[in-house]
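Worksheet for the structure shown next.
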Protein chains: 2
Amino acid sequence: MLTIGSLANKTGTKVQTIRYYEQIGLMPEPGRTEGGQRRYGDDELDRLAFIRHARQLGFSLEAIRELLDLSDHPHRPCLEADAIARRQLKQVEQRLARLEALRTELKRMVHECSGGQTADCRVLEVLRDHSECLTDHDEIGA
Amino acid sequence: MLTIGSLANKTGTKVQTIRYYEQIGLMPEPGRTEGGQRRYGDDELDRLAFIRHARQLGFSLEAIRELLDLSDHPHRPCLEADAIARRQLKQVEQRLARLEALRTELKRMVHECSGGQTADCRVLEVLRDHSECLTDHDEIGA
DNA sequence: GGTTGAACCTCTAGTAGCTTGAGGGTGTAC
DNA sequence: GTACACCCTCAAGCTACTAGAGGTTCAACC
């Protein structure tokens with residue numbers, strides 16, 4: 001039986017985060033001691049490890065909810081899980097493309113900085129003059 | 001003189017976002033008509049364009065605040081602006097490295113999916129078994 | 001001059017995915 | 001039996017916006 005703290009340690013999660021996952025129904029309500037402290041078993045450890053791993057891969061909590069649900073029904077076809085992963089892969093590739101464009105522009109800014117006064121600063125100039133910019137207008141979130 | 005709506009159009013910003021920037025002090029309080037509607041001039045247009053461009057490059061609002069401040073003092077040395085940009089570049093490169101690792105793992109998951117039952121699903125299996133995972137434990141935000 | 005309708009106003013609350021803090025109770029080792 | 005690390009709940013805060021309610025103003029047209 002694990003306390004919430006040791007579960008947190010084993011999974012690289014913060015204690016508050018575990019309680020948060022319970023609150024939103026991603027983790028089940030665990031057993032409690034007489035005094036009301038949570039105690040966890042191996043099932044919960046596995047489930048939390050699954051969640052954290054998926055989070056590290058960038059899956060949203062909603063996607064993880066679906067994946068856990070699929071994982072709980074081993075006889076359903078796995079097309080759905082596959083679709084979720086493909087969606088995630090696509091998103092990752094889009095973000096990569098955007099970040100690569102940003103890196104290019106940032107590198108250009110930094111390399112052209114003369115080290116003089118801000119009046120001549122290439123960094124500020126580039127930011128001021130949007131016309132030199134390659135990136136498009138729509139999305140911002142990285 | 002521009003209304004908030006046309007300023008929004010010209011810069012690819014939402015009206016609410018402009019008001020938000022004003023609220024947090026990133027945009028100045030503009031002049032108003034007798035009826036109380038905001039009216040903007042070219043200075044504000046430039047400032048907002050600067051902000052949006054910097055946001056597209058992934059700078060945080062706090063970083064942008066510093067950059068605007070530097071931009072307002074053309075005779076200060078530009079080392080600071082350069083440092084902010086370098087910091088940003090570093091962050092972008094870190095995120096790129098992480099995303100590339102994610103892409104690799106996601107691709108592996110997706111390509112190995114057999115299309116059978118969830119019980120045999122490679123996607124879920126990989127998520128369950130953290131030991132196959134290459135990514136490290138610390139940061140999660142993409 | 002009157003009327004219409006798009007665009008404007010303020011204020012509040014919601015989004016994701018947590019994190020932080022206040023104020024207090026529990027469990028265990030010595 | 002007492003110290004103290006750990007646990008509890010509840011509420012609020014974070015970033016960077018976005019959405020909606022309920023009401024007002026502007027500009028064009030007749």
Side-chain angles (χ1 to χ4, degrees), chain A residues 1-27 29-40 44 48 50-68 88 91 95 98 137-142, chain B residues 1-27 29-40 44 48 50-68 88 91 95 98 137-142:
Chain A
M1 283 297 152
L2 296 165
T3 65
I4 195 169
S6 44
L7 184 65
N9 270 341
K10 275 174 191 284
T11 56
T13 316
K14 298 209 174 170
V15 166
Q16 303 288 59
T17 304
I18 298 174
R19 289 201 277 249
Y20 171 70
Y21 288 161
E22 180 183 329
Q23 193 189 308
I24 61 169
L26 212 59
M27 286 291 289
E29 291 186 23
R32 301 261 185 164
T33 63
E34 291 209 344
Q37 298 197 356
R38 292 167 178 83
R39 289 296 181 268
Y40 295 93
E44 283 108 327
L48 184 54
F50 184 104
I51 294 171
R52 296 309 288 177
H53 191 185
R55 285 294 296 137
Q56 279 170 355
L57 290 174
F59 289 90
S60 71
L61 293 182
E62 259 323 291
I64 293 172
R65 211 187 283 277
E66 291 178 63
L67 288 169
L68 281 168
Q88 187 58 28
Q91 272 179 30
R95 274 191 244 165
R98 275 190 56 77
H137 238 198
D138 33 62
E139 203 199 347
I140 276 192
Chain B
M1 283 296 154
L2 297 165
T3 64
I4 195 169
S6 44
L7 183 65
N9 269 342
K10 276 175 190 285
T11 55
T13 316
K14 298 211 171 169
V15 166
Q16 302 286 57
T17 304
I18 298 174
R19 290 201 277 250
Y20 170 70
Y21 288 161
E22 181 183 329
Q23 192 188 307
I24 61 168
L26 212 57
M27 287 291 288
E29 290 186 22
R32 301 259 186 165
T33 63
E34 293 208 344
Q37 298 196 357
R38 292 168 178 81
R39 288 295 181 269
Y40 295 93
E44 283 108 327
L48 183 55
F50 184 104
I51 294 171
R52 296 309 288 177
H53 192 184
R55 284 293 296 136
Q56 280 170 355
L57 290 174
F59 289 90
S60 71
L61 293 183
E62 258 323 290
I64 293 171
R65 210 187 284 277
E66 291 177 62
L67 288 168
L68 281 167
Q88 186 60 28
Q91 272 178 30
R95 274 192 244 165
R98 274 189 57 75
H137 238 197
D138 32 62
E139 204 198 346
I140 275 193

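Values below: all heavy atoms of this structure, side chains included; hydrogens, waters and symmetry mates excluded. Quantities reported herein were computed from a predicted structural model and do not represent experimental measurements. Throughout, protein chains are lettered first and strands after them, A, B, ... in sequence-line order, and every chain is numbered starting at 1.
- When the side-chain nitrogen and oxygen atoms of A:T33 are compared with OP1 and OP2 of C:dG27, one or more of them lie within a distance under 4.0 Å.
- Side-chain contact check for B:L57 versus B:Q88: every heavy-atom pair is 4.5 Å or farther apart.
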TODO: Go along nucleotides 2-13 of chain C 5' to 3' and tag each nucleotide: B for a protein heavy atom under 4.0 Å from its base, S when only backbone or sugar atoms are that close, - otherwise.
DONE: ------SSB---

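- The CZ atom of A:R52 sits 8.5 Å away from atom CD1 of A:I64, with the distance rounded to the nearest 0.5 Å.
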Task: Full working for side chain to side chain contact (heavy atoms under 4.5 Å, CB included) between A:R65 and A:L26 - done: CA-CA 7 Å; A:R65 211 187 283 277; A:L26 212 59; 3.9 Å; yes

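- For the pair A:Q91 CD and C:dA16 C1', the interatomic distance rounds to 13 Å; values are reported in whole Å.
- Atom P of nucleotide D:dC17 and atom CD of B:E22 are separated by 16 Å, given to the nearest angstrom.
- Two residues, B:L61 and B:E34, neighbour DNA chain D, and the one matched to the more 5' nucleotide by heavy-atom proximity is B:L61.
- Nucleotide D:dC26 holds its P atom 15 Å from the CE atom of B:M1, rounded to whole Å.
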TODO: Evaluate the side chain to side chain contact (heavy atoms under 4.5 Å, CB included) criterion for residues B:M27 and B:I51: first the C-alpha distance (whole Å), next the side-chain angles of each, then the deciding distance (0.1 Å), finally the verdict.
DONE: CA-CA 9 Å; B:M27 287 291 288; B:I51 294 171; 3.8 Å; yes

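- Of the candidate nucleotides D:dC17, D:dA19, C:dC18, C:dC18 has the atom lying nearest to any side-chain atom of A:Y20.
- Between A:R38 and A:E29 no salt bridge is recorded (no basic side-chain N to carboxylate O distance below 4.0 Å).
- A close approach under 4.0 Å does not occur between any side-chain nitrogen or oxygen of A:S60 and OP1 or OP2 of C:dA16.
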TODO: For B:L48 and B:E44, run side chain to side chain contact (heavy atoms under 4.5 Å, CB included): C-alpha distance rounded to whole Å, both residues' side-chain angles, the deciding distance at 0.1 Å, then the answer.
DONE: CA-CA 6 Å; B:L48 183 55; B:E44 283 108 327; over 6 Å; no

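- To the nearest angstrom, C1' of C:dT19 lies 14 Å from CZ of A:R55.
- No donor-acceptor pair under 3.5 Å is formed between the side chain of B:S6 and the backbone N or O of B:L2.
- Rounding to whole angstrom units, CG of residue A:L26 and C1' of C:dG17 are separated by 11 Å.
- In this model, the phosphate group of C:dG17 is not approached by any side-chain N or O of A:K14 to a distance below 4.0 Å at OP1 or OP2.
- Here the P atom of nucleotide C:dG27 and the CG atom of A:L2 are 16 Å apart, to the nearest Å.
- Between B:E62 atom CD and D:dG13 atom P there is a gap of 18 Å when expressed in whole angstrom units.
- Contact annotation: B:Y21 side-chain N/O to D:dC17 OP1/OP2 distance is under 4.0 Å.
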